[in-house]
Asker: 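One structure follows; several queries about it will come next.
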Protein chains: 2
Amino acid sequence: MPPRTYHHPDTDEIAIARVLFALSEPLRLNMVRMLAEQGETDSIDLGPDLPRSTLTHHTSLLRESGVVFVRAEGRKCMIQLRDEDLEQRFPGLLDTVLTGYESADDDHSEADA
Amino acid sequence: MPPRTYHHPDTDEIAIARVLFALSEPLRLNMVRMLAEQGETDSIDLGPDLPRSTLTHHTSLLRESGVVFVRAEGRKCMIQLRDEDLEQRFPGLLDTVLTGYESADDDHSEADA
DNA sequence: TTAATCGTGCGACTATTTTCGAACAGTATG
DNA sequence: CATACTGTTCGAAAATAGTCGCACGATTAA
């Protein structure tokens, strides 16, 4: 029996409105930022203080909107940013959002001014 | 006495999450697309079939999130995209979103058919 | 002035989203 | 095997967002 399988939208099925909505939630935007910095990340590291069901809710929403790829690893769950797919579908979007997030939010080091 | 005044956030107060949320709504995203194409537009042209109160709701949300500039013109209300401010705040964001919207959604408003 | 038009604010309602506890199933460890 | 740990699902609750009728003030035109 397959352990856990996840459905992911094809790259050309990713809808801009759903991506924007997924990224408009501060919690999820922060998860995406972490994924962009760290690469594939254990799901629990994306929200150590959140109830598990809440974490599942947000990771599922990110997955269904095409922002992340989810992979079962033993009993854990590894999350990857679909940066290449997003770059192909909406060139520049991810970089722009993350750059804007860094500059907009609190004092994340602005070394390269 | 000024007829109608509107509050607009300063450019450096525009928050990425709020902008993304504003653009994640299909109705508002379409308004923004029209504004990008047509420039300053009479508010009623952005949603001729919508109830006025609904239209006000969406234009206010776009204004408060820093996406548009609203100006009273007689009894009408002219809407401008804050494209320069957005470009300064989040370089590339607007172009990327609109380009992604065009490519993703082929069913543009059929008003100009 | 009178009438028509426009946008706004209010209030109520519906729909969607978020949160999270509890029970459950799969996995690793002993 | 039993136990501890993981993520998922379900259900319900709360919070948020969208829709829209209506009354009102302001503006324009006759």
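Fair warning: this is a prediction, and the values are worked out from it, not measured in the lab. Residue numbers begin at 1 in each chain, while the letters A, B, ... track the order of the sequences. Keep in mind that the numbers below use all heavy atoms, side chains included, and drop hydrogens, waters and symmetry copies.
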Asker: Hey, could you give me the CG/CG distance between A:Leu61 and A:Leu27, rounded to the nearest 0.5 Å?
Answerer: 11.5 Å
Asker: Please report the distance, rounded to the nearest Å, between CD in A:Glu25 and C1' in C:dT18.
Answerer: 7 Å
Asker: Measure CZ/B:Arg63 against C1'/C:dG7 and give the value in whole Å, please.
Answerer: 12 Å
Asker: What is the distance, rounded to the nearest whole Å, between atom CE of A:Met78 and atom C1' of C:dT27?
Answerer: 16 Å
Asker: Where each residue is assigned the nucleotide of DNA chain C containing its nearest heavy atom, which of B:Val70 and A:Leu27 is assigned the position nearer the 5′ end?
Answerer: B:Val70
Asker: Measure NZ/A:Lys76 against P/D:dA4 and give the value in whole Å, please.
Answerer: 19 Å
Asker: In whole angstroms, how far is the C1' atom of D:dT16 from the NE2 atom of B:His57?
Answerer: 11 Å
Asker: Between C:dC6, D:dG7, D:dT19, which one does the side chain of B:Arg75 approach most closely?
Answerer: C:dC6
Asker: Under 4.0 Å between a side-chain N/O of A:Tyr6 and OP1 or OP2 of D:dG7, yes or no?
Answerer: no
Asker: Could you check whether B:Leu61 gets within reach of a base, just the sugar-phosphate, or nothing at all, counting any heavy atom under 4.0 Å?
Answerer: sugar-phosphate
Asker: Side chain of B:Thr54, heavy atoms from C-beta onward: which of D:dT19, D:dT8, C:dG7 has the nearest atom to it?
Answerer: D:dT19
Asker: Within the distance-only criterion (no hydrogens, no angle test), does the side chain of A:Glu87 pair as donor or acceptor with the backbone N or O of A:Glu84 below 3.5 angstrom?
Answerer: no
Asker: Check every strand shown and say whether B:Ser43 touches a base, only sugar-phosphate, or nothing at a heavy-atom separation below 4.0 Å.
Answerer: sugar-phosphate
Asker: Side-chain N or O of A:Arg52 less than 4.0 angstrom from OP1 or OP2 on C:dG21?
Answerer: no
Asker: From C:dG21, C:dG7, D:dA17, pick the nucleotide closest to the side chain of B:Phe21?
Answerer: D:dA17
Asker: Would you indicate which nucleotide in D:dT19, D:dC20, D:dT8 comes nearest to any side-chain atom of A:Arg4?
Answerer: D:dT8
Asker: Starting at atom CG of B:Leu62, determine the distance to atom C1' of C:dG7, rounded to an integer number of angstrom.
Answerer: 16 Å
Asker: By the definition side-chain hydrogen bond (donor to acceptor under 3.5 Å, both in side chains), identify the one residue from A:Glu25, A:Arg28, A:Arg63 that meets it with A:His58.
Answerer: A:Arg28
Asker: Measuring from the side chain of A:Asp42 (C-beta onward, heavy atoms only), which nucleotide among C:dG7, D:dG18, D:dG7 has the closest atom?
Answerer: D:dG7
Asker: Does a side-chain N or O of B:Thr56 approach OP1 or OP2 of C:dG7 to a distance below 4.0 Å, or not?
Answerer: no
Asker: Report yes if some heavy atom in the side chain of A:Asp42 is under 4.5 Å from a heavy atom in the side chain of A:Met78; otherwise report no.
Answerer: yes
Asker: Considering all heavy atoms of both residues, which atom of A:Val70 and which atom of A:Cys77 are nearest to each other, and what is their separation?
Answerer: CG1-SG, 3.5 Å
Asker: Nearest-Å distance, CG (B:Leu55) to C1' (D:dA17)?
Answerer: 17 Å
Asker: Can you check the B:Arg71 CZ to C:dG7 C1' distance for me, whole Å?
Answerer: 15 Å
Asker: Can you check whether B:Asp12's main-chain N or O pairs, donor with acceptor, with B:Arg89's side chain at less than 3.5 Å?
Answerer: yes
Asker: Under 4.0 angstrom, heavy atoms only, what part of the nucleic acid is B:His58 near: base, sugar-phosphate, or nothing?
Answerer: sugar-phosphate
Asker: Counting distance alone, no hydrogens or angles: does the base of C:dG21 have a donor or acceptor under 3.5 Å from a partner atom on the side chain of A:Ser53?
Answerer: yes
